[in-house]
Visitor: 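Can you keep this structure in mind? I'll have questions shortly.
Bear in mind the structure is a predicted one, so any value in this text is a computation, not a measurement.
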Amino acid sequence: KIDSHQTRLGDFINVGGKILGLGEAVSNLESRQNEIAKAIRKASEEDLAIQVKLNATQEALNRETVRAEQARKDRESAETELKQFSADIQKQAASMQNYEVEQKKRIAELEKRINDSATTEQRVITQIEQAKTELLSLQDKKAEFAQAEAQIKHWQEIEIRLRAQLSELEEKHEILRRGLPLEEATVVMFASDIIKRVDLIDALIERYATANGSTDIPVQLRTLRASFEDILLQHGVSEFDIPAGTEVDVNLRKRIAVIDSTPGKAKPRVLESCRTGFIYSREEGHEVILRKVEVRTSSQ
């Protein structure tokens with residue numbers, strides 16, 4: 001009996017060890033399954049964030065496209081109205097010129113009648129007064145014509161502003177079309193607007209620097225320009241220039257815009273920089289040229 005019970009006890013111990021091993025394996029599998037579930041949830045959250053960014057970029061692109069299309073339609077409408085108005089003004093001007101010629105002929109005929117017959121003097125005087133009245137009316141029409149010309153100039157100024165707005169919207173549309181991330185596209189558009197203000201400040205500095213009389217306006221403008229440069233640097237946008245004497249190669253051509261070149265047989269080199277450029281550097285090796293450096297080159 002003791003031997004039989006010992007055999008049964010050994011069987012129980014063997015089966016219990018196997019059950020404990022299976023329990024540990026099941027526990028490890030459950031832990032692994034939890035880790036996989038966490039990784040799947042994290043990947044889902046990242047995918048959702050990327051989808052939100054893509055949707056925001058698409059919405060921004062759609063809005064800019066609608067604005068560009070509306071500006072184009074407004075410009076075409078303004079051009080049509082301007083052409084129609086110009087045609088009407090030209091017709092009125094031709095009509096007034098013909099009317100003036102006719103009135104001059106009538107005055108000449110009236111003066112001739114005065115010389116030919118003294119008996120009709122009073123009637124001729126009345127006709128002359130009427131002709132003078134008509135001439136005064138013609139002068140009023142000339143004033144209206146001058147006012148119409150002023151209105152044409154006003155429409156032309158509106159057209160210039162619309163063209164500038166359309167050009168700016170097209171630049172922003174081109175930036176969005178490059179497929180840049182949302183944050184990078186925002187920085188590029190923001191920097192482009194700031195660079196235009198910096199160019200305006202440079203023009204004002206040059207204007208007041210050449211003006212007669214002592215003033216601190218240029219100093220204040222340079223301080224303002226420095227503040228804009230700090231803002232650009234905070235967002236990874238820096239101003240750059242090309243030293244004189246630099247040889248123009250393939251890589252350099254991506255950074256410069258040649259506004260004047262002296263031909264020759266030697267390799268082209270930079271004579272001077274007329275206007276600095278701006279570059280956006282988000283990380284090492286990733287650069288976006290916001291504006292090229294304007295240079296003069298020579299191959300002599």
Visitor: Given 3.5 Å as the limit, does a donor-acceptor pair link the side chain of Ser77 with the main chain of Lys73, or not?
Guide: no
Visitor: Could you pull out the closest heavy-atom pair between Ala209 and Pro218, with the gap in Å?
Guide: N-CG, 4.2 Å
Visitor: Counting N and O atoms only, with roles assigned by atom type, does the side chain of Arg269 sit under 3.5 Å from a partner on the main chain of Gly245, one being a donor and the other an acceptor?
Guide: yes
Visitor: What's the shortest heavy-atom distance between Ile242 and Ser273, and which atoms?
Guide: O-OG, 3.0 Å
Visitor: To check you understand the geometry: which heavy-atom pair defines the closest contact between Phe240 and Phe278, and what is its length?
Guide: CE2-N, 3.4 Å
Visitor: Can you check salt bridge (Lys or Arg N to Asp or Glu O under 4.0 Å) on Lys105 and Glu109, steps first, answer last?
Guide: CA-CA 6 Å; Lys105 290 181 178 179; Glu109 291 175 359; over 6 Å; no
Visitor: Who passes side chain to side chain contact (heavy atoms under 4.5 Å, CB included) against Asp199, sequence neighbours left out?
Guide: Ile195, Asp202, Arg275, Arg291
Visitor: Is any NZ, NE, NH1 or NH2 atom of the basic residue among Glu287 and Arg255 found under 4.0 Å from an Asp or Glu carboxylate oxygen of the other?
Guide: yes
Visitor: Does CD belonging to Glu272 count more than 12 external heavy atoms closer than 6.0 Å?
Guide: yes
Visitor: Would you say the side-chain atoms of Thr276 pair up with the backbone N or O of Asp241, donor to acceptor, closer than 3.5 Å?
Guide: no
Visitor: Below 4.0 angstrom, N of the basic side chain to O of the carboxylate: do Glu102 and Arg106 qualify?
Guide: no
Visitor: Once rounded to the nearest 0.5 Å, what's the spacing between atom CE of Met96 and atom CD of Gln103?
Guide: 13.5 Å
Visitor: Quiz question: by atom type and distance under 3.5 Å, do the side chains of Asp74 and Gln70 form a donor-acceptor pair?
Guide: yes
Visitor: Any ion pair linking Arg32 and Glu35 (charged N to carboxylate O, less than 4.0 Å)?
Guide: yes
Visitor: Quick one: hydrophobic cluster around Ile36, which other residues, with the 4.5 Å side-chain cut-off, linked directly or via members?
Guide: Ile40
Visitor: If you look at every heavy atom in Glu239 and Arg225, which pair is closest and at what distance?
Guide: OE2-NH2, 3.1 Å
Visitor: Between the main-chain N or O of Ala43 and the side-chain N or O of Asp47, is there a donor-acceptor pair closer than 3.5 Å?
Guide: no
Visitor: Is it true that Val219 and Ile205 fall in one hydrophobic cluster, defined by side-chain heavy atoms closer than 4.5 Å?
Guide: no
Visitor: Using a 3.5 Å distance criterion without hydrogens, assess whether the side chain of Ser95 forms a donor-acceptor pair with backbone atoms of Lys91.
Guide: no
Visitor: Arg197 side chain to Asp193 main-chain N or O, any donor-acceptor pair under 3.5 Å?
Guide: yes
Visitor: Check Cys274 against Arg296 and note the closest heavy-atom contact, atom names and distance.
Guide: SG-NH1, 2.9 Å
